[in-house]
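What follows is one structure encoded as structure tokens, with my remarks underneath.
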Amino acid sequence: MTDHTTDPTRLTDLTARQLLAGYERGDFSPLDATRAVLDRIEVVQPQVNAFVRVDAEAALAQAEASTARWRGREPRGLLDGVPVSVKDIFLQRGSPTLRGSRTVRAGGAWDEDAPAVARLREHGAVLVGKTTTPEFGWKGVTDSPLSGVTRNPYDPSRTSGGSSGGSAAAVALGAGPLSIGTDGGGSVRIPASFCGIFGFKPTYGRVPLYPSSPFGTLAHAGPMTRDAADAALLMDVISGADWRDWSQLAPAPSLSAALTEGAGAGGAGTEGASGVKGLRIAYSPTFGNQVAVRPEVASAVRRAVGRLAELGAYIEEADPDITDPVEAFHTLWFSGAARLVEPFGAEQRELLDPGLREIVAAGERYSALDYLAAVDARMELGRRFGRFHESYDLLVTPTLPITAFEAGRETPRGSGQRRWTGWTPFTYPFNLTQQPAASVPCGVDGDGLPIGVQLVAARHADALVLRAAHALYESGAVPRLPVPGPGATPAGS
């Protein structure tokens, strides 16, 4: 295998940790890496439409400053010189945050960073660009009236998933090893699964958010990366405290350290453990026959579960005692959308994505009692999962029951489904319960489209999810997925 760590022409293949090791050795510089990423963005952007804004001049200036620090052996923070992209939901100083909407004006000072972006700057990261999102992040695919359709790296006729689809496509195609996304119903894990990367939704409050999401405490922020170790590193940065989020959690031990030490893993009998040896893992392939899963997806997930068993985990096929909470989720989600656009006049509303207008209309019909009933259902769901994790350290499911479908659609053609929640039954329950959950690549279907397996733990057991995912990567169980370059024949054609 070629050692790309000494080959500047292949810098876009490297993880953040490999880049940092190369900077330390002097093999290449942050300026070299940033130039390579900017060149890569220029090549892949016409293929997938992953970015809404790239500020090459600012990125190169940041990279030059980082290069000088590394030459002086005085790097700043954990990510000094690493190229990072940011979903265009997060505020970023000096860059408009339009959130995929024609209703947001680009003018103005834009003089504030969101908490995660502020932490990236403090740790010396190079901010290369803002990635695409559906309007206000409202659905599980990425297209918007403002920025068009974001496509899948493995087949541009398919969707990247969403709502953090631009970030997933960027990471998959080497347009920066790290990105930060948001996840209100699966919006990190869905595109991670469709694009063959690692996506992690931490426990709610672990990553501070400001401004607060219109979707309230359903919305999480999390890393989208090449592997679990890079995600842990990025979490160590973006989980830094910020007074603007009153709901943030207390500072936690390093998640990078916990990958091998098992620090803070949680779960009975797992203290001090490494990898997954001895963990009690529940494998729920269909949530008790509630979900129809494509055979190729089911087979790939089953192989990943088998690998966890080979690594020493105790596997039991077991389903959580739940029914589909989609109605409660819709009540909370649609109400958030209605609150978001409440100040809009008729002309602004006409500019909205038609699907967003539909859920706003639904949200406006709910009463306060409807909303509180959904909160009650959410609390009961959390209680049931809390009891479930008394018996099991981890729950494993498919991330999604399907692989990527036609781009530009909210639901698969011919599915009969009305809303994106119809094909994401494994993701949104864990936004209701605020549990940590990750999507790990575990194979491809017959068309060469990626498949993801989801790992879920009890609230606050973020380290356990990342440690188990890292064990899969370290064991070689996660496939290296070849990504077709621009102009290549789409997978399956």
Side-chain angles (χ1 to χ4, degrees), residues 140-142 151-162 164-165 167-169 171-173 183 186-201 224-228 231 281 283-287 291-310 315 317 394-407 411-412 415 420 422-428 430 437-456 465 468-469 471-473 475-484 490-493:
V141 294
T142 301
R151 300 178 179 278
N152 194 291
Y154 290 84
D155 181 346
S157 73
R158 312 287 184 109
T159 180
S160 64
S164 305
S167 289
V171 171
L173 284 167
D183 189 315
S187 291
V188 161
R189 291 160 290 154
I190 293 166
S193 182
F194 277 0
C195 293
I197 68 164
F198 183 74
F200 178 57
K201 180 189 78 68
M224 306 184 73
T225 61
R226 301 267 176 77
D227 59 25
I281 297 179
Y283 167 43
S284 179
T286 61
F287 272 175
V291 182
V293 178
R294 286 186 186 171
E296 290 173 301
V297 172
S299 295
V301 172
R302 193 176 302 113
R303 287 194 296 271
V305 171
R307 187 59 174 149
L308 291 169
E310 292 170 4
I315 308 294
E317 189 165 324
L394 285 174
L395 169 65
V396 178
T397 75
T399 306
L400 298 166
I402 60 174
T403 52
F405 53 88
E406 181 183 349
T411 60
S415 67
W420 61 272
W423 51 270
T424 61
F426 294 112
T427 59
Y428 57 77
F430 303 108
S439 181
V440 183
C442 64
V444 295
D445 69 6
D447 291 329
L449 297 167
I451 296 166
V453 58
Q454 180 175 231
L455 309 180
V456 185
V465 173
L472 285 174
Y473 278 95
S475 74
V478 179
R480 288 180 60 88
L481 304 179
V483 179
S493 62

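This is a predicted model, so every value here is computed, not measured.
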Any donor-acceptor pair under 3.5 Å from [X] side chain to [Y] backbone:
{"X": "Arg189", "Y": "Thr427", "answer": "yes"}
{"X": "Asp447", "Y": "Leu449", "answer": "no"}
{"X": "Thr397", "Y": "Pro285", "answer": "no"}
{"X": "Arg307", "Y": "Ala477", "answer": "no"}

Please tabulate, one pair per line, all N/O donor-acceptor pairs under 3.5 Å involving side-chain atoms of residues 295-305, not counting sequence neighbours.
from	atom 1	to	atom 2	distance (Å)
Glu296	OE2	Gly446	N	2.7
Ser299	OG	Pro295	O	3.1

Please round to the nearest 0.5 Å and tell me the distance separating atom CG of Leu394 and atom CD of Gln454. 11.0 Å
Drop me the distance from Phe405's CZ to Leu400's CG, to the nearest 0.5 angstrom. 9.0 Å
Looking at residues at least two apart in the chain, or sitting in another chain, which of them share a side-chain hydrogen bond (donor to acceptor under 3.5 Å, both in side chains) with Asn152? none
Ser187: what forms a side-chain hydrogen bond (donor to acceptor under 3.5 Å, both in side chains) with it, not counting sequence neighbours? Ser163
Results of side chain to side chain contact (heavy atoms under 4.5 Å, CB included) for Val440 - residues two or more places apart only: Phe198, Val453, Leu455, Ala469, Leu472, Tyr473, Val478
Partners of Phe194 by ring-ring contact (aromatic ring centres under 6.0 Å, His included), sequence neighbours excluded? Trp423
Sequence-distant partners of Phe426, ring-ring contact (aromatic ring centres under 6.0 Å, His included), two or more places apart: Phe287
Do you know which of Ile315, Val456, Leu308 makes side-chain contact (heavy atoms from CB on, under 4.5 Å) with Val396? Leu308
Pro401 and side-chain contact (heavy atoms from CB on, under 4.5 Å): which partner among Thr424, Thr286, Val293? Val293
Walk me through it: do Leu481 and Tyr154 pass the test side chain to side chain contact (heavy atoms under 4.5 Å, CB included)? CA-CA 9 Å; Leu481 304 179; Tyr154 290 84; 3.0 Å; yes
